[in-house]
Amino acid sequence: MADIERTYIMIKPDAVRDRKVGEIITRIERTGLTIERLDMATLDADTVREHYAHLADKPFFADLVAFMTSGPVVKMIVSGLGAIGKMRTIMGATNPLDAAPGTIRGDFAIDVNSNIIHGSDGPDTAAIEIRRFFGEDA
Ligand code: IDP
Ligand code: MG
């Protein structure tokens, strides 16, 4: 039996700009997972640099920071049985070219530079990201 988990989900600026928020939230709710918290914000560069620190040495890092600060994002805490893995499954592969049809990235994106959605990749990063984006008490 999977554990009850919490994961940090973020709809990226491209999807907000292209009015895909409603469809993406519908897909999350359809899984049976619970949206515990939801907010919009425009991220500052320091927060994005910290969030993507594992990619700091990549050639696309500056473009990634510019993209992620280019407009508002939708921040969520999503919880439920196996929430971390379930969200990664419905999101699809990082590169939308490899993401299966029926997944969020597979259906709504074509370019790895703007791949629609973020979801935590494990329990440790989920806890850190929930604190980063919703504060110590979340
Ligand atoms: P994930 O978002 O599926 O967890 P990560 O490897 O953690 O994938 O990468 C974080 C984000 O960095 C990706 O969602 C994407 O926005 C960006 N990214 C990753 N690899 C590339 C790349 O090769 N080119 C451009 N952007 C990338
Ligand atoms: Mg990741």
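Counting begins at 1 with the first residue of the sequence.
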Hydrophobic cluster partners of V112 (side-chain heavy atoms under 4.5 Å): none

Kindly state each residue pair satisfying side-chain hydrogen bond (donor to acceptor under 3.5 Å, both in side chains) with at least one member in residues 125-137, sequence neighbours excluded. E50-R132, H51-R132, H118-E129, S120-E129, D121-T125

For [X], all residues meeting salt bridge (charged side-chain N to carboxylate O under 4.0 Å, His left out), sequence neighbours excluded:
X   : result
R88 : none
D14 : none
D3  : none

Evaluation steps, side chain to side chain contact (heavy atoms under 4.5 Å, CB included), between V65 and M68: CA-CA 5 Å; V65 175; M68 288 300 299; over 6 Å; no

Enumerate the residue pairs fulfilling ring pair (Phe, Tyr, Trp, His ring centres under 6.0 Å) with a member in residues 59-107, sequence neighbours excluded, ordered by first and then second residue. none

May I have the step-by-step check of side chain to side chain contact (heavy atoms under 4.5 Å, CB included) for M40 and V21, ending in yes or no? CA-CA 11 Å; M40 285 184 84; V21 170; 5.9 Å; no

Sequence-distant partners of [X], side-chain contact (heavy atoms from CB on, under 4.5 Å), two or more places apart:
X   : answer
D18 : K20
E29 : I25, I35
D44 : D46, T47
R30 : T26, R27

side-chain contact (heavy atoms from CB on, under 4.5 Å), paired with I11, selected from V16, I28, I104: V16

Hydrophobic cluster membership, I9 vs L38, 4.5 Å side-chain cutoff: yes

Spell out, yes or no, whether Y8 and I90 are grouped together once hydrophobic residues are joined by side-chain heavy atoms under 4.5 Å, including indirect joins. no

Got a list of side-chain donor-acceptor pairs under 3.5 Å for residues 92-103, not counting sequence neighbours?
from : atom 1 : to   : atom 2 : distance (Å)
N95  : OD1    : L97  : N      : 3.0
T103 : OG1    : A100 : O      : 2.6
T103 : OG1    : G106 : N      : 3.0

Check residues 71-86 and write down every donor-acceptor pair under 3.5 Å in which the side-chain atom is one partner and the other belongs to a residue at least two apart or another chain.
from : atom 1 : to   : atom 2 : distance (Å)
K75  : NZ     : F133 : O      : 2.9
S79  : OG     : E36  : OE2    : 2.9

Closest non-hydrogen atom pair, F108 against I116: O-CD1, 3.6 Å

Let me confirm one number: the CD-CE distance from E5 to M87, rounded to the nearest 0.5 Å. 12.0 Å

Quick one: does any side-chain atom of R105 pair with a main-chain N or O of I117 as donor and acceptor, under 3.5 Å? yes

